[in-house]
Undergrad: 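For reference, the structure I am asking about is given below.
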Amino acid sequence: MQRLSLNQTLQQKLSPQQIQFIKLLQIPTAELDSRIEEELEINPALEEGAEEYDTPTEEDPFADDYENDYDERNNELDIDGYLNDDEYGGYKMQGDGNYGEEDRDVPIATRSSLIDSLMQQFGYLQLDEQQEAIGLQLIGSIESDGYIRRSLQAIVNDLAFSQNIFTDVDELEEVLKKIQTFDPPGIAARTLQECLILQLQRKDQTDPYVHLAIRIIDEFFDEFSKKHYEKIEKRLNISEEDLKEVIHIITKLNPKPGSVENEEGGIQYLLPDFILTNNNGKLELTLNAKNAPELRISRSFAEMLDTYDKSSKNNKSLKETVTFVKQKLDAAKWFIDAIKQRQQTLLRTMNAIVEFQYDFFLTGDESKLRPMILKDIATMIEMDVSTVSRVANSKSIQTEFGIYPLKYFFSEGISTDSGEDVSSREVKNILKEFIDNEPKMNPLSDDKLEKMLNDRGYNIARRTVAKYREQMNIPVARLRKQL
């Protein structure tokens, strides 16, 4: 008789507090202040400032009871117990993004400085009330890279429904053309083609090559983008040298004009979560001070509960008040502990990364980077891979060689002929070196690049060459061809 066995798996459901800790661990230092402000606003039992008392005293008769009560309600945070992708894959809260291992990229910049600059320039236009409302709507439709991608008809409809302003596409075009004269050049374009033409129109119009560039982008944009240069030369009856001059002008234009402002002081993030210093050959790691806010439980709120506890137990409204106060105190104590647990988890993870990549952090030499995956660090700190993923995906470290996102230090290994494992980053650097030095009129195909890497001793397939090339935003050989 066949023996039957039943395997049971206990599935742990995540509590709201556990989900909250996941979010706390994931956010970078730059966003922590606003998260704390949010908690301070909704919980009157939580205050800013150092703890006024850490152990029970006569001044704090409530402390013993509260601590015992809290411990019963909330066991010590065991993050590995619930930071598992299978267990919380279905949990998605507003603004959370995806929780996968190669997920959420933290935004590097905001568009505030771009919009501020455009609004300042907008103030100099002499517009009537309706045109001013149209202009504000258009500026509000500009995306972070400087483009307006919504159709003008959709913006006409928005104005009618939201502001009771009735206009048409022609009037919008009229105001849009004024905004397109603003700096940076190319701003408020609807397509790359329009963006390039707007920038060319700002250049010296007495230069015949500028006129030629405008005509090529206007009439032969598709051929130009596909690098069908011979067709353009024949259609316009121009020489290869003429086209080279035009290409030189066009390649200096900015395809993302919104990024101009961001590059000049608009970057809000780039606030490192960790700071690594080299003290006479000894590496010392510290957390950014913003990760260690001074938070405490409100003494007055704690005393309030003590007073209520000594009052009549039969009063229904008083019972509800006591329940409310205890909930807020629980939440405040949990939040303070969660912030401390966040600090400890960040430091444990980063210390392991520094230990693993010690030679790189000591010298800044990329060739010293070892192949390292999330599991390597998770094993070192005895935590779940998903915990390391959350730290690595959204944090950065300041070193004497610059600020690096933690993702930078993770790469797969490539085996060599000698049996040694090298970082894929090293292979990418060599691949880039080959492409930088290739003959410009006859770029190297992925097959040729594969053979060259194999000759160097790197066991790598053509599909991996293509993958690395794409990761470095390098186009295929045909599109790299130059005259």
Undergrad: Determine, step by step, whether Asp242 and Leu236 satisfy the side-chain contact (heavy atoms from CB on, under 4.5 Å) criterion, reporting the C-alpha distance in whole Å, the side-chain angles of both residues, the deciding distance to 0.1 Å, and the verdict.
TA: CA-CA 11 Å; Asp242 288 337; Leu236 291 176; over 6 Å; no
Undergrad: Grab the two heavy atoms, one from Ile353 and one from Phe361, that are nearest each other, plus how far apart they are.
TA: O-CE1, 3.9 Å
Undergrad: Report yes if the side chains of Arg469 and Val476 come closer than 4.5 Å at any heavy-atom pair, otherwise no.
TA: yes
Undergrad: How close do Thr251 and His248 get, counting heavy atoms only, and between which atoms?
TA: OG1-O, 3.2 Å
Undergrad: Going by the side chain to side chain contact (heavy atoms under 4.5 Å, CB included) test, name the single residue among Ile214, Val246, Asp218 that passes it with Leu200.
TA: Ile214
Undergrad: Distance alone, cut at 3.5 Å: any donor-acceptor contact between the side chains of Asn351 and Glu355?
TA: no
Undergrad: Nearest heavy-atom pair of Leu362 and Gly281: which atoms, and what distance?
TA: CD1-O, 3.8 Å
Undergrad: Working note: Thr277 + Glu400, criterion side-chain contact (heavy atoms from CB on, under 4.5 Å); need CA distance, chi angles, decisive distance, verdict.
TA: CA-CA 7 Å; Thr277 53; Glu400 61 183 71; over 6 Å; no
Undergrad: Kindly indicate whether the side chain of Phe224, heavy atoms from C-beta on, has any atom under 4.5 Å from the side chain of Ile247.
TA: yes
Undergrad: Kindly compute the distance separating NZ (Lys290) from CD (Glu31), expressed to the nearest 0.5 Å.
TA: 13.0 Å
Undergrad: Can you say whether the rings of Phe21 and Trp334 are parallel (under 30°), tilted (30 to 60°) or perpendicular (over 60°)?
TA: perpendicular
Undergrad: Taking Arg190's backbone N and O only, do any of them form a donor-acceptor pair with Glu194's side chain (distance below 3.5 Å, no angle check)?
TA: yes
Undergrad: Verify side-chain contact (heavy atoms from CB on, under 4.5 Å) between Met119 and Leu136, making sure each step is shown before the conclusion.
TA: CA-CA 8 Å; Met119 289 301 295; Leu136 292 174; 3.3 Å; yes
Undergrad: Can you tell if the side chain of Leu125 reaches within under 4.5 Å of the side chain of Val175, non-hydrogen atoms only?
TA: no
Undergrad: Would you confirm whether Asn288, through its side chain, and Pro272, through its main-chain N or O, come within 3.5 Å as a donor-acceptor pair?
TA: yes
Undergrad: Are Leu159 and Leu172 side-chain neighbours, meaning at least one heavy-atom pair lies under 4.5 Å?
TA: yes
Undergrad: Does the pair Ser117 and Gln121 meet the rule for a side chain to side chain donor-acceptor pair (under 3.5 Å), with working shown?
TA: CA-CA 6 Å; Ser117 172; Gln121 296 172 75; 3.2 Å; yes
Undergrad: In this structure, are over 12 heavy atoms from other groups packed under 6.0 Å from Asn237 atom CG?
TA: no
Undergrad: Does the side-chain contact (heavy atoms from CB on, under 4.5 Å) test come out yes or no for Leu276 and Met350, once each step is laid out?
TA: CA-CA 10 Å; Leu276 189 71; Met350 192 66 237; over 6 Å; no
Undergrad: Under 3.5 Å, side chain of Arg480 to main-chain N/O of Pro443, donor-acceptor pair present?
TA: no
Undergrad: Can you see which heavy atom on Gly135 is nearest to which on Ile179, and at what distance?
TA: O-CD1, 3.8 Å
Undergrad: Do the side chain of Gln343 and the main chain of Asn291 share a donor and acceptor less than 3.5 angstrom apart?
TA: yes
Undergrad: With a 3.5 Å distance limit and no angle check, can you tell me whether Glu174 reaches the backbone of Asp170 through a side-chain donor-acceptor pair?
TA: no
Undergrad: Once rounded to the nearest 0.5 Å, what's the spacing between atom CG of Leu453 and atom CD1 of Ile430?
TA: 7.0 Å
Undergrad: Near His228 NE2, under 6.0 Å, is it more than 12 heavy atoms from other residues, nucleotides or ligands?
TA: yes
Undergrad: Looking at the rings of Phe409 and Phe356, which for Trp means the six-membered one, are their centres under 6.0 Å apart?
TA: no
Undergrad: For Asp365, enumerate each residue passing the side-chain contact (heavy atoms from CB on, under 4.5 Å) test, keeping only those at least two apart in sequence or located in another chain.
TA: Thr363, Ser367, Lys368
Undergrad: Quick one: CD1 on Ile139 to CD on Gln137, what's the gap to the nearest 0.5 Å?
TA: 11.0 Å
Undergrad: Please check this pair: side chain of Arg348 against backbone of Ile381, looking for a donor-acceptor N/O pair closer than 3.5 Å.
TA: yes
Undergrad: Is Glu223 salt-bridged to Lys234, cutoff N-O under 4.0 Å?
TA: no
Undergrad: Can a donor-acceptor pair be found, under 3.5 Å and without considering hydrogens, that links the side chain of Lys395 to the backbone of Ile27?
TA: yes
Undergrad: Is there a donor-acceptor contact under 3.5 Å from the side chain of Gln180 to the main chain of Ala188?
TA: yes
Undergrad: Under the side-chain contact (heavy atoms from CB on, under 4.5 Å) test, which residues partner Asp222, sequence neighbours left out?
TA: Ser225, Lys226
Undergrad: Using atom types as modelled and distance alone, determine if a side-chain donor or acceptor of Gln193 lies under 3.5 Å from a backbone N or O of Ile217.
TA: yes
Undergrad: Quick check for you: to the nearest 0.5 Å, what is the distance between Phe274 atom CZ and Thr29 atom OG1?
TA: 7.5 Å
Undergrad: Could you tell me the separation between the CD1 atom of Ile250 and the CD atom of Glu245, rounded to the nearest 0.5 Å?
TA: 12.0 Å
Undergrad: Contact between Arg456 and Phe434 at the side-chain level, heavy atoms closer than 4.5 Å - yes or no?
TA: yes
Undergrad: In terms of ring plane angle, is the pair Tyr404 and Phe360 parallel, tilted or perpendicular, where the classes change at 30° and 60°?
TA: perpendicular
Undergrad: For residues Leu138 and Leu152, determine if any side-chain heavy atom of one lies less than 4.5 Å from a side-chain heavy atom of the other.
TA: yes
Undergrad: Answer yes or no: is there a side-chain heavy-atom contact under 4.5 Å between Ile232 and Arg235?
TA: no
Undergrad: Tell me the closest heavy-atom pair linking Pro185 and Pro257, and the distance in Å.
TA: O-CB, 3.5 Å
Undergrad: So does Lys227 have more than 12 non-hydrogen atoms from other groups sitting under 6.0 Å from NZ?
TA: yes
Undergrad: Are Gln163 and Asp158 packed together at the side-chain level, in the sense that at least one heavy-atom pair is separated by less than 4.5 angstrom?
TA: no
Undergrad: Check the pair Asp455, Lys451 against salt bridge (Lys or Arg N to Asp or Glu O under 4.0 Å), reporting the backbone distance first and the verdict last.
TA: CA-CA 6 Å; Asp455 290 344; Lys451 187 176 185 306; 3.4 Å; yes
Undergrad: Hey, are Glu39 and Arg35 close enough for a salt bridge, meaning a charged N less than 4.0 Å from a carboxylate O?
TA: yes
Undergrad: Do any N or O atoms from the side chain of Arg202 and from the backbone of Gly186 form a donor-acceptor pair under 3.5 angstrom?
TA: no
Undergrad: Is the number of heavy atoms from other residues, nucleotides or ligands under 6.0 Å of Gln120 CD greater than 12?
TA: no
Undergrad: Search all heavy atoms of Met383 against all heavy atoms of Thr387 and return the closest pair with its distance.
TA: SD-CG2, 3.8 Å
Undergrad: To the nearest 0.5 angstrom, please state how far the CE atom of Met372 sits from the CD1 atom of Ile377.
TA: 4.5 Å
Undergrad: Using only heavy-atom distances, determine whether the side chains of Asp384 and Ser386 contain a donor-acceptor pair under 3.5 Å.
TA: yes
